[in-house]
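Structure, as structure tokens:
Every chain is numbered from 1, with letters handed out A, B, ... down the list of sequences. Being a predicted model, the structure only gives us computed values, none of them experimental.
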Number of protein chains: 2
Amino acid sequence: MLMNLSDATDLLRGAGLRVTEPRRAVIEALRGLPHASADAIHAKVAQTLPDVSLQTVYNVLRDLTGCGLTRSIEPGDHPARYELRVGDNHHHLVCTRCGAITDVDCVIGHAPCLTPNDDHGFVLSEAEVTFWGLCTSCQSEVATASDPVPVTT
Amino acid sequence: MLMNLSDATDLLRGAGLRVTEPRRAVIEALRGLPHASADAIHAKVAQTLPDVSLQTVYNVLRDLTGCGLTRSIEPGDHPARYELRVGDNHHHLVCTRCGAITDVDCVIGHAPCLTPNDDHGFVLSEAEVTFWGLCTSCQSEVATASDPVPVTT
DNA sequence: GCCTTTTTTTGAATGACTCAAATGAAAGTT
DNA sequence: AACTTTCATTTGAGTCATTCAAAAAAAGGC
């Protein structure tokens, strides 16, 4: 009997966590929303389990992140996002305008993929690289909103 | 008559901002506390100007950052820090335990010092690199707190 | 199926930060 | 130097993401 390790139940078992409906639902939600906030996850989970509270989503995310099943991203002053993609060393592209997040593969390698010239005595664990920019849809919204294309030439 | 451009007054004038006591005091505070939170800046400013409110410190930091005299750093779930060092492309070393911040010079060059393989259509403005680790004092505190040095020889 | 441990719920609290109206100070104008 | 306009500061309340805590409910070993 093969165990489907991509199944939420098995992921939880494997991590030594109790299998509960809210936890499975949060994991499933993250499969469809790869960089979702607690709020967005809550909304998604509510589609199938309408009684799960936002507090529970926070609890679940804390537990999942604590045992390494998920990872939290905290970009600038945007609310925290969560992702299932863990273990590989990848980075993020964040839109300065709408906060949309996209994964970018690490050019260098595994963590810490970069090291400073002088570590000032710190014991380094990770190098986090965040690329800031304007996503495609914000580019067009900004363009139409203010200037209807400069007419140089 | 040489203008001392490192003087807070001249910095403000040069940026087209009105020169006020709170603004000068915030800039001076940041000279002594190169990665201070709004709270820490407020405490420092209060030593000379006890009536300046925390709200004013937030206002001043918003204005200074808005015109490029300061820059804000928002590491993970720590409160925002502010720094006077702007213009050069440097990065930060943040202690995962106490939140202490140290500057590290950029190994690569000016912004965006790195570029992803695939920019997903984003118009990139900056690559922010944050090194996470344990600072020296947290290392010793952690050591003394739990295990008094493993005696493996 | 029972019992202990862990989760979930509910409701309140926190911390960092922002908003808004009223007062006060800067600096250009005469 | 006084006037005036514009911008800054104060005060007090509000917001948002997140956490705390106590009580009720469910999970999984026996």
Side-chain angles (χ1 to χ4, degrees), chain A residues 8-27 29 35-43 45-46 48-67 69-82 94 98-99 101, chain B residues 8-27 29 35-43 45-46 48-67 69-82 94 98-99 101:
Chain A
T9 303
D10 296 324
L11 283 175
L12 290 167
R13 286 246 162 76
L17 290 179
R18 285 194 180 174
V19 178
T20 69
E21 284 302 299
R23 282 177 179 170
R24 291 169 18 111
V26 166
I27 291 173
H35 302 100
S37 64
D39 238 29
I41 294 168
H42 180 230
V45 165
T48 49
L49 301 174
D51 293 338
V52 169
S53 66
L54 177 60
Q55 173 66 60
T56 292
V57 172
Y58 275 109
N59 289 345
V60 169
L61 290 169
R62 185 206 341 96
D63 297 339
L64 294 180
T65 302
C67 71
L69 287 183
T70 56
R71 176 180 161 194
S72 82
I73 316 160
E74 285 153 21
D77 53 0
H78 297 279
R81 312 302 184 84
Y82 297 85
V94 184
C98 70
I101 297 185
Chain B
T9 302
D10 298 324
L11 282 176
L12 290 167
R13 285 247 161 76
L17 291 179
R18 285 195 181 171
V19 178
T20 68
E21 283 302 300
R23 284 176 176 171
R24 293 170 15 110
V26 166
I27 292 173
H35 301 101
S37 63
D39 238 30
I41 294 167
H42 179 231
V45 165
T48 48
L49 301 173
D51 292 337
V52 170
S53 66
L54 178 58
Q55 174 66 60
T56 293
V57 172
Y58 276 110
N59 290 345
V60 170
L61 290 170
R62 184 205 344 95
D63 297 340
L64 295 181
T65 303
C67 72
L69 287 183
T70 56
R71 175 181 162 196
S72 81
I73 316 161
E74 286 153 20
D77 53 359
H78 297 278
R81 313 302 185 82
Y82 297 85
V94 185
C98 71
I101 297 185

For residues [X] and [Y], determine if any side-chain heavy atom of one lies less than 4.5 Å from a side-chain heavy atom of the other.
| X | Y | result |
| --- | --- | --- |
| B:Thr65 | B:Arg71 | no |
| A:Val52 | A:Val60 | no |
| A:Arg62 | A:Asn59 | yes |
| A:Val57 | A:Asp39 | no |
| A:Cys67 | A:Leu17 | yes |

I need the [X] [atom1] to [Y] [atom2] distance, nearest 0.5 Å.
| X | Y | atom1 | atom2 | result |
| --- | --- | --- | --- | --- |
| A:Glu74 | B:His78 | CD | NE2 | 8.5 Å |
| A:Ser53 | A:Tyr58 | OG | OH | 11.5 Å |
| B:Leu69 | B:Ile27 | CG | CD1 | 6.0 Å |

Using whole Å, what does the distance between atom [atom2] of nucleotide [N] and atom [atom1] of [X] come to?
| X | N | atom1 | atom2 | value |
| --- | --- | --- | --- | --- |
| A:Arg24 | C:dT7 | CZ | P | 16 Å |
| B:Arg23 | C:dG24 | CZ | P | 19 Å |
| B:Asp63 | D:dT6 | CG | C1' | 14 Å |
| B:Ile41 | C:dA16 | CD1 | P | 14 Å |
| B:Leu61 | C:dC17 | CG | P | 10 Å |
| B:His42 | C:dC17 | NE2 | C1' | 14 Å |

Sugar-phosphate, base or nothing in reach of B:Arg62, heavy atoms under 4.0 Å: nothing
Which is it for B:Thr20 and B:Leu12 under the side-chain contact (heavy atoms from CB on, under 4.5 Å) test, yes or no, and what are the steps along the way? CA-CA 9 Å; B:Thr20 68; B:Leu12 290 167; 5.8 Å; no
Letter per nucleotide, 5' to 3', of nucleotides 14-20 of chain D [B base touched, S only sugar-phosphate touched, - untouched; heavy atoms, 4.0 Å]: ---SBBB
I need a per-nucleotide contact map over nucleotides 22-30 of chain D, read 5' to 3'. Cutoff is protein heavy atoms under 4.0 Å; write B for the base, S for backbone only, - otherwise. ----BBS--
Side chains of B:Arg81 and B:Ser72: is there a donor and an acceptor less than 3.5 Å apart? no
The helix from C:dG1-D:dC30 to C:dT30-D:dA1: angle between its terminal axes, five pairs each, to 10°? 30°
Using a 3.5 Å distance criterion without hydrogens, assess whether the side chain of A:Arg23 forms a donor-acceptor pair with backbone atoms of A:Arg18. yes
Presence of B:Ser53 side-chain N/O under 4.0 Å of D:dT10 phosphate oxygens OP1/OP2: yes
